[in-house]
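Take a look at the structure below.
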Amino acid sequence: MTQVRHFLDLWRLDGAELRVILDDARARKKARLGWPKGKPDADRPADGRTLAMIFEKHSTRTRFSFDAAMRQLGGDVIISNASEMQLGRGEPIEDTARVLSRMVDAIMIRANYHEDVERLALASTVPVINGLSDKGHPCQILADLLTFEEHFGKVEGKTLAWVGDGNNVCASFIHAAPKLGFRLNIASPAIYHPDLVDLARAQEQQGRVMTTHDPREAVRGADCVITDTWVSMGDTDHDERLEALEPYQVDEKLMALANPNAGFLHCLPAHRGEEVTDEVIDGPRSLIWDEAENRIHAQKSILAWCFGAIG
Ligand code: CP
Ligand code: NVA
């Protein structure tokens, strides 16, 4: 039996596979320039296939982009909030995996706990995609790297700076850095430091990931500055976070220390006036709308990879 291609974490894929996905996304996006958004790509690599999407948390971009992506690949989707499924009443996630594996061709899950994504994948005979967990957001980071490369060329050898909470999105950047050969500078307060297991793995893989408590040190010489909300879904220490992360706001003064023309990325939703100022997020260096659109293009190629159509 051939191995099922799950897409759970970027550290599990090799750099060549990630490169295939990124290049396919770029080519697919170019090939359909100016087309209506619902028109399928010429090769319809998901023809006849259905993706199930399970949401344990809120979503706008992930939900709509996966739906649009499947339509553009010539496939279909079934979407449900976990709270409306028996999963929400305690049915084991393994049983959910076994049932859905008989009904659909792939499963995307946005889960509270990464462990549940892993359990779903272990019991599933169809590909499982991590649409965000507490430990990572791999689909987002491929969209971000696609966006970066559209504006600045290959990410290999470039410097990306993460400023703020060392959260799930930051984790997926750490996973990608050694695979694609970019430098990653992370500035976060000690209390909201990135995951130490992720940092140790990146180091083992010769990743050039630097951590500091000083945002200025992180952005100096960076080709792109990235941040995210200070309070992620599931975080309960709202006030402590706002206080500890206040010195990590991305404003024009901080952007001025990065390379001239450095880009700004944010996965959204954003909290203007907290992690980023209006001037930066709505300014000329902000790439956030391309970044949001690229969720569709990156995910089409992730799906095509899961279905064995590429790579
Ligand atoms: N960036 C992102 O995943 O957005 P949603 O939470 O709206 O899906
Ligand atoms: N870090 C954020 C990302 C949202 C897309 C969260 O987990 O809520």
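As the structure lists them, so they are numbered: ligands from 1, and atoms in each ligand from 1.
Counting heavy atoms from C-beta outward, Phe173 and Leu10 have side chains that stay 4.5 Å or more apart.
Annotation: atom 4 (O) of ligand 1 to nearest protein heavy atom, Arg61 NE, 2.9 Å. For atom 4 (C) of ligand 2, the closest heavy atom belonging to the protein is Leu132 CD1, 3.8 Å. At the top of the distance list for atom 8 (O) of ligand 2, counting protein heavy atoms only, stands Met233 N, 2.8 Å. Nearest non-hydrogen protein atom to atom 2 (C) of ligand 1 is Arg295 NH1, 3.3 Å.
The contact set between ligand 1 and Cys267, taken as ligand atoms under 4.0 Å from a residue heavy atom, comprises 1 (N). Taking every non-hydrogen atom of Thr60 and a distance limit under 4.0 Å, the qualifying atoms of ligand 1 come out as 5 (P), 7 (O), 8 (O). Contact atoms of ligand 1 toward Leu268: 1 (N), 2 (C), 4 (O) (distance under 4.0 Å to a heavy atom of the residue). For ligand 2 and Leu268, the ligand atoms under 4.0 Å from any heavy atom of the residue are 5 (C). Remark: ligand 2 atoms within the under-4.0 Å shell around heavy atoms of Asn167 are 1 (N).
Remark: Arg241 engages Asp165, Asp235, Asp237 in a salt bridge (charged side-chain N to carboxylate O under 4.0 Å, His left out) (not counting sequence neighbours). Evaluation of the ring-ring contact (aromatic ring centres under 6.0 Å, His included) rule for Phe152 yields Phe148 as partners, not counting sequence neighbours.
In this structure, a donor-acceptor pair under 3.5 Å is absent between the side chains of His137 and Ser172. Using modelled atom types and a 3.5 Å distance limit, the side chains of Asn261 and His151 yield no donor-acceptor pair. Side-chain contact of Asp134 with Asn112: a donor-acceptor pair under 3.5 Å is absent, judged by distance alone. Side-chain N/O atoms of Thr277 and Asp251 include no donor and acceptor closer than 3.5 Å. For the 3.5 Å distance criterion, the side chains of Asn168 and Gln140 fail to qualify, holding no donor opposite an acceptor.
A salt bridge links Arg12 with Asp9: at least one charged nitrogen is closer than 4.0 Å to a carboxylate oxygen. Between Lys135 and Asp198 no salt bridge is recorded (no basic side-chain N to carboxylate O distance below 4.0 Å). Checked for salt-bridge contact, Glu149 and Arg26 miss the test: no charged N lies under 4.0 Å from a carboxylate O.
The option with the heavy atom closest to atom 3 (C) of ligand 2, from among Thr229, Thr60, Asp228, is Asp228. Of the listed options Ser232, Ser59, Pro269, Ser59 places a heavy atom closest to atom 8 (O) of ligand 1. With Asn168, Val231, Asp134 as candidates, the residue nearest to atom 7 (O) of ligand 2 on a non-hydrogen basis is Asn168.
The shortest N/O to N/O separation between Ser232 and ligand 2 falls below 3.5 Å. Checking only distances, Arg63 never comes within under 3.5 Å of ligand 1, N or O to N or O. For a threshold of 3.5 Å applied to N or O pairs, the pair formed by Pro269 and ligand 2 contains no separation below that value.
With a 4.0 Å cut-off on non-hydrogen atoms, His137 touches ligand 1 through its side chain and not its backbone.
For Arg110, the closest heavy-atom approach to ligand 1 falls below 4.0 Å. Heavy-atom separations between Leu132 and ligand 1 are all 4.0 Å or longer.
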